[in-house]
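We count ligands from 1, going down the list as the structure has it; atoms in each ligand are counted the same way. When reading the values below, keep in mind they use all heavy atoms of this one structure, side chains included, and skip hydrogens, waters and symmetry mates. These numbers were taken from a predicted model, which means no experiment stands behind them.
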Amino acid sequence: MKATVYRSTGSWYNIKTETGESLNARIKGIFKIDDITSTNPLAVGDEVEIEIENELEHTATITGILPRRNYINRQSPAHKMHHHIVAANLDQSLLFATLKDPKTSQGFIDRFLVTCEAYHVPAVVVFNKADLYKKKENEKYAEMEEMYSTVGYRVILMSIAQQQGVQAVKDLLKDKVTLMSGHSGVGKSSFINAVFPEMRLKTQEVSGWSGKGLHTTTFAEMFDCPGGGKIIDTPGMREFGLVDISRQELSHYFPEMAQRINDCQFNNCLHINEPGCAIKKALNEGHIHVDRYVSYCTILDSIGEPSY
Ligand SMILES: Nc1nc2c(ncn2[C@@H]2O[C@H](COP(=O)(O)OP(=O)(O)OP(=O)(O)O)[C@@H](O)[C@H]2O)c(=O)[nH]1
Ligand SMILES: [Mg+2]
Ligand SMILES: [Zn+2]
């Protein structure tokens, strides 16, 4: 029988069968070994083969995993050499960012977008808490909106508190599997509650905001949207460390660079100091935003050379 993973809490998984039955399941067998560099063998959104273990107790055994259409992974915060699969089989991802309480850095946004490009997951950037923005933040937003939309990303300004832009984001969910990511405290769970009040997810106390990013959501969990589609709420992440992306590949995942790299004189150009570099030329002519180029250089530095 086939089922989909809705929640993973370590050794137990909440799964839903094709007929809509919810079960608690655990892994049996050796397929765990296939992916030894990952800290989690199964992630939310994974499709699995199961056998019913106990009909009365609604338990099942997971005997295999179906091939993943795609996934989003990141460096495991605990084990830098390992990666953690955030979710699998996605139609799109919403990156929740805020320019105040908490502030999301552009580096974080760009690393997340690079991963989405690498694994072919379309991404939308949602700037929430617009009600808190003053002149400085509004200017910053305008700049980022211009920068990311020029590259081809959809950018939406939202305030859940003032119900601004919420419907536009909700409209994206229909019939799609959507991953929500972002720092802790940006309003991911609040968004689900705003659009699907019956879900009543736990959110951070308004007075509890300490700037430290206390995690209110502790496990990734998928929900069926009442209008069709599925949405995955995730615990906030402090950092988004890239995995499995080489220095040579990196510029392929900046769309504004990818479209120009064939014009570089050298096909192994890293777009730093090489002669005849089309990326540097586009940068100097103002076609590539300097902040995106800085992000590229920072990520490139962080990747380092493979040690084998
Ligand atoms: N001012 C303002 N506050 C908001 C808005 N949206 C959410 N919040 C508040 O931000 C806080 C954090 O919201 P959560 O929904 O718990 O954030 P989260 O992204 O789910 O956080 P984690 O589960 O820790 O990853 C709560 O106190 C919300 O009420 C908004 O549009 N404006
Ligand atoms: Mg949450
Ligand atoms: Zn180049």
Original post:
Parallel, tilted or perpendicular: which fits the ring planes of His83 and Tyr71, with parallel below 30° and perpendicular above 60°?
Top reply: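 Plane angle between 30° and 60°, so tilted.
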**OP:** Check the angle between the aromatic planes of Phe108 and Phe240 and answer parallel, tilted or perpendicular using the 30° and 60° thresholds.
**Re:**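 Plane angle over 60°, so perpendicular.
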Is [X] close to ligand 1, meaning an N/O of one under 3.5 Å from an N/O of the other?
X	result
Met158	no
Asp233	no
Pro235	no
Thr217	yes
Ser189	yes

Original post:
Hey, does Gly182 sit under 4.0 Å from ligand 1 if you only count heavy atoms?
Top reply: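 Contact absent.
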Residue-level breakdown please: for [X] versus ligand 1, do any non-hydrogen atoms fall below 4.0 Å on the side chain, on the backbone, on both, or on neither?
X	value
Ile160	both
Asp131	side chain
Asn128	side chain
Ala130	neither

At a 4.0 Å threshold, what atoms of ligand 1 neighbour a non-hydrogen atom of [X]?
X	result
Val186	17 (O), 19 (O)
Leu132	1 (N)
Ser190	7 (C), 13 (O), 14 (P), 15 (O), 28 (C)

Original post:
Out of Gly187, Ser159, Gly185, Ala194, whose heavy atom sits nearest atom 21 (O) of ligand 1?
Top reply: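 Among Gly187, Ser159, Gly185, Ala194, the closest heavy atom to atom 21 (O) of ligand 1 belongs to Gly185.
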**OP:** May I ask you to check whether Thr178 and Gln92 show a side-chain donor-acceptor distance below 3.5 Å?
**Re:**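 Yes - a donor-acceptor pair under 3.5 Å links their side chains.
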Subject >> With Thr17 via side chain to side chain donor-acceptor pair (under 3.5 Å) - residues at least two apart >> reply: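 Result, side chain to side chain donor-acceptor pair (under 3.5 Å) vs Thr17: Thr19.
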Original post:
Hey, does the side chain of Asn284 reach the backbone of Lys280 with a donor-acceptor pair shorter than 3.5 angstrom?
Top reply: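 At least one qualifying donor-acceptor pair exists.
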Original post:
Just by distance, do the side chain of Glu249 and the backbone of Ser246 share a donor-acceptor pair under 3.5 Å?
Top reply: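 Yes; at least one donor-acceptor contact below 3.5 Å.
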**OP:** Step by step, work out the side chain to side chain donor-acceptor pair (under 3.5 Å) result for Thr59 and Asn54.
**Re:** CA-CA 5 Å; Thr59 54; Asn54 186 316; 5.1 Å; no
**OP:** Could you tell me whether the Mg ion (ligand 2) has an N, O or S atom of Ser189 under 2.8 Å away?
**Re:**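 Of the N, O and S atoms in Ser189, at least one lies under 2.8 Å from the Mg ion (ligand 2), which means yes.
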**OP:** Assess Thr217: does it contribute an N, O or S atom lying under 2.8 Å from the Mg ion (ligand 2)?
**Re:**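 True for Thr217.
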Subject >> Steps toward salt bridge (charged side-chain N to carboxylate O under 4.0 Å, His left out) verdict (Arg111, Glu239) >> reply: CA-CA 9 Å; Arg111 283 193 298 280; Glu239 270 304 320; 2.9 Å; yes
Original post:
Per the salt bridge (charged side-chain N to carboxylate O under 4.0 Å, His left out) rule, which among Lys230, Arg7, Lys202, Lys188 passes with Glu221?
Top reply: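 Running salt bridge (charged side-chain N to carboxylate O under 4.0 Å, His left out) over Lys230, Arg7, Lys202, Lys188 with Glu221 returns exactly one hit, Arg7.
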Original post:
So, Arg260 and Glu256, do they make that salt bridge, N to O below 4.0 Å?
Top reply: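 No, Arg260 and Glu256 are not salt-bridged.
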**OP:** Could you tell me whether Glu137 and Lys129 have a side-chain N and a carboxylate O separated by less than 4.0 Å?
**Re:**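 Judged by the 4.0 Å cut-off on N to carboxylate O distance, Glu137 and Lys129 do not form a salt bridge.
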Original post:
Would Lys16 count as a cation-pi partner of Tyr6, with NZ or CZ less than 6.0 Å from the six-membered ring centre and within 45° of the ring normal?
Top reply: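 Here Lys16 passes the 6.0 Å and 45° test against Tyr6.
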Original post:
Counting no waters, what protein N/O/S atoms lie under 2.8 Å from the Zn ion (ligand 3)?
Top reply: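 Counting only protein N, O or S atoms under 2.8 Å from the Zn ion (ligand 3), the list reads Cys264 SG, Cys269 SG, His271 ND1, Cys277 SG.
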Original post:
What distance separates Asn14 CG from Met222 CE, expressed to the nearest 0.5 Å?
Top reply: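 Nearest 0.5 Å value for the CG-CE distance: 11.0 Å.
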